[in-house]
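Worksheet: the structure to be examined is printed underneath.
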2 protein chains.
Amino acid sequence: MHYSRDNMPGLLRSHDINPTHQRIEIAYALFSRMEHLSADQVMALVNVYHSETSKATVYNTLNLFLQKGLIREVIVDPNKVFYDPNTRPHHHLYDVESGHLTDVDAQDIHISGLPPLPKGTALEGIDLIVRVRKAG
Amino acid sequence: MHYSRDNMPGLLRSHDINPTHQRIEIAYALFSRMEHLSADQVMALVNVYHSETSKATVYNTLNLFLQKGLIREVIVDPNKVFYDPNTRPHHHLYDVESGHLTDVDAQDIHISGLPPLPKGTALEGIDLIVRVRKAG
DNA sequence: TCTAGAACCTGGACTTTGTCTAATTTCGCG
DNA sequence: CGCGAAATTAGACAAAGTCCAGGTTCTAGA
């Protein structure tokens with residue numbers, strides 16, 4: 001799928017999000033690239049020319065998108081969280097040195113032998129992270 | 001295995017770590033409980049009665065233990081890292097609401113279908129995190 | 001069109017986790 | 001003992017993220 005800025009209002013509305021100026025810009029930053037971005041990076045992309053969107057709004061909006069299931073959170077680095085516009089089931093490969101994060105399709109991966117969940121809990125998700133570093 | 005404070009100097013030395021007062025206390029906090037602790041929690045445990053160990057030392061020491069392979073780092077929560085005295089291969093079950101983290105033995109778990117690593121990279125580790133929340 | 005209320009956005013203060021540094025203390029050893 | 005190296009310290013600093021009070025924009029209804 002390939003997103004243009006014009007797709008954003010519909011995408012937002014389909015997730016029950018009121019499409020405002022700032023929300024459209026933030027969604028576009030993520031979905032036009034289809035990359036993992038940190039809040040800082042989103043902030044920078046949205047404000048390339050003039051300062052248009054405040055830090056508070058960037059954080060509020062990312063958390064709203066998260067809560068509405070439009071994007072996912074990827075926790076691999078101790079000092080920043082990444083936001084992932086790809087919400088289909090997939091896992092991650094993380095280069096601990098460069099900080100580069102790539103998707104690994106969940107389709108071919110099979111995990112067996114998981115224990116039953118503790119009583120009274122429901123599965124929220126399974127994250128598989130393959131950490132690599134430069135060989136040598 | 002069951003650790004007493006007297007085991008700590010040997011444990012540290014076997015990992016090529018000079019056993020000092022503070023390092024013994026920090027190791028003991030982790031290994032006597034065999035629980036996942038954050039830096040803050042370690043700090044609190046070590047200083048229950050009098051203030052004995054500074055923040056800088058707690059962080060320095062945990063990073064030293066990490067680098068020497070005595071403990072592991074667990075990244076599941078966006079705003080703090082947990083330190084894990086269990087270094088045998090295992091995975092984690094994380095309750096996103098309570099913040100409670102438990103071990104899942106790696107023995108019974110089998111992961112198949114992983115793609116080949118990118119050229120020039122070596123495997124650092126595979127982290128599997130099962131996220132749960134209260135059912136209902 | 002005008003207006004009231006709701007929703008949204010903003011700058012900036014604040015919090016928390018973690019790092020850095022320069023100075024002091026302790027340790028190992030001849 | 002006395003020296004140099006290693007370890008520890010307090011406190012300043014940095015970065016990510018939250019919070020709040022005030023201001024702006026949007027919307028629905030008359």
Side-chain angles (χ1 to χ4, degrees), chain A residues 8-9 12-13 15-30 36-47 49-68 70-84 96 99 101, chain B residues 8-9 12-13 15-30 36-47 49-68 70-84 96 99 101:
Chain A
M8 294 303 108
L12 293 178
R13 261 188 283 262
H15 283 260
D16 196 24
I17 298 166
N18 206 344
T20 67
H21 219 0
Q22 288 86 343
R23 288 170 182 178
I24 288 169
E25 287 306 309
I26 291 171
Y28 185 62
L30 284 158
H36 308 84
L37 299 177
S38 66
D40 255 33
Q41 292 175 304
V42 170
M43 179 89 174
L45 288 171
V46 164
N47 292 328
Y49 291 127
H50 344 287
S51 186
E52 287 161 345
T53 305
S54 71
K55 189 170 60 147
T57 298
V58 170
Y59 279 101
N60 286 343
T61 301
L62 289 171
N63 286 326
L64 178 69
F65 286 4
L66 208 57
Q67 180 199 316
K68 295 290 189 181
L70 183 60
I71 61 178
R72 283 189 8 184
E73 200 179 22
V74 186
I75 302 168
V76 285
D77 183 300
N79 39 281
K80 60 180 56 175
V81 358
F82 288 101
Y83 295 91
D84 189 347
V96 293
L101 187 59
Chain B
M8 294 302 109
L12 294 177
R13 260 188 283 263
H15 283 261
D16 196 25
I17 297 166
N18 206 343
T20 68
H21 217 0
Q22 288 87 340
R23 287 170 182 176
I24 289 168
E25 287 307 309
I26 291 171
Y28 184 62
L30 283 158
H36 309 86
L37 300 177
S38 66
D40 255 33
Q41 292 175 305
V42 170
M43 179 90 174
L45 287 171
V46 164
N47 292 328
Y49 290 128
H50 343 287
S51 186
E52 287 160 348
T53 305
S54 72
K55 188 169 61 149
T57 297
V58 170
Y59 280 100
N60 286 344
T61 301
L62 289 171
N63 286 326
L64 177 70
F65 286 3
L66 209 57
Q67 178 199 317
K68 296 290 189 181
L70 183 61
I71 61 177
R72 281 183 16 179
E73 200 179 23
V74 185
I75 302 168
V76 286
D77 183 299
N79 39 285
K80 59 182 55 177
V81 357
F82 288 100
Y83 296 91
D84 189 348
V96 295
L101 187 59

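First the proteins, then the strands, lettered A, B, ... as listed; each starts at 1.
- With contacts defined as side-chain heavy-atom distances shorter than 4.5 Å, the pair B:Ile75/A:Asp77 does not qualify.
- Taken from CZ in B:Phe82 to CD in B:Glu73, the straight-line distance is 12.0 Å, to the nearest 0.5 Å.
- Distance CD (A:Glu25) to C1' (C:dC8): 16 Å, rounded to an integer number of Å.
- Contacts of A:Asn60 classified as side chain to side chain contact (heavy atoms under 4.5 Å, CB included), with partners at least two apart in sequence or in another chain: none.
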With a cut-off of 3.5 Å and sequence neighbours excluded, list every side-chain donor-acceptor pair involving residues 39-47 of chain A.
unit_1: A:Gln41; atom_1: OE1; unit_2: A:Ser38; atom_2: N; d: 2.8
unit_1: A:Gln41; atom_1: OE1; unit_2: A:Ser38; atom_2: OG; d: 3.3
unit_1: A:Asn47; atom_1: OD1; unit_2: A:Glu52; atom_2: N; d: 2.8
unit_1: A:Asn47; atom_1: OD1; unit_2: A:Thr53; atom_2: N; d: 2.9
unit_1: A:Asn47; atom_1: ND2; unit_2: A:Met43; atom_2: O; d: 3.3
unit_1: A:Asn47; atom_1: ND2; unit_2: A:Thr53; atom_2: O; d: 3.0

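- At whole-Å resolution of the value, CG in A:Leu66 and C1' in D:dG17 are 14 Å apart.
- Rounding to whole angstrom units, CG of residue B:Asn63 and C1' of D:dA7 are separated by 15 Å.
- Here the side chains of B:Leu62 and B:Val58 are in contact, with some heavy-atom distance below 4.5 Å.
- Nucleotide D:dA6 holds its C1' atom 14 Å from the CG atom of B:Asp16, rounded to whole Å.
- If you measure from atom CG of A:Leu64 to atom C1' of D:dG17, you get 17 Å, rounded to the nearest angstrom.
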| note | With sugar-phosphate taken as primed atoms, P, OP1 and OP2 and all else as base, the protein-contact string of nucleotides 25-30 of chain C at under 4.0 Å (heavy atoms; B, S, -) is ------
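- Heavy atoms of B:Asp77 sit nowhere under 4.0 angstrom from any nucleic acid atom.
- Regarding contacts with the backbone of D:dT25, every side-chain N or O of A:Gln22 stays at 4.0 angstrom or more from both OP1 and OP2.
- B:Met43 places its CE atom 12 Å from the P atom of C:dT17, with the value rounded to the nearest Å.
- From A:Thr61, atom OG1 reaches atom CG of A:Leu30 across 10.5 Å, with rounding to the nearest 0.5 Å.
- Residues passing the salt bridge (charged side-chain N to carboxylate O under 4.0 Å, His left out) test with B:Lys80: none are found, sequence neighbours excluded.
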Side-chain donor-acceptor pairs under 3.5 Å in residues 16-25 of chain A, sequence neighbours left out?
unit_1: A:Asp16; atom_1: OD2; unit_2: A:Lys68; atom_2: NZ; d: 3.4
unit_1: A:Thr20; atom_1: OG1; unit_2: A:Arg23; atom_2: N; d: 3.3
unit_1: A:Arg23; atom_1: NH1; unit_2: A:Asn18; atom_2: O; d: 3.0
unit_1: A:Glu25; atom_1: OE1; unit_2: A:Arg5; atom_2: NH2; d: 3.2
unit_1: A:Glu25; atom_1: OE2; unit_2: A:Arg5; atom_2: NE; d: 3.1

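- Between the NZ atom of B:Lys80 and the P atom of C:dT19 there is a distance of 15 Å, rounded to whole Å.
- Taking atom CD1 of residue A:Ile75 and atom P of nucleotide C:dT17, one finds them 15 Å apart after rounding to whole Å.
- Between atom CG of residue B:Asn63 and atom CZ of residue B:Phe65 there is a gap of 11.0 Å, rounded to the nearest 0.5 Å.
- Of all the residues in residues 49-60 of chain B, B:Lys55, B:Ala56, B:Tyr59 reach under 4.0 Å from DNA chain C with at least one non-hydrogen atom.
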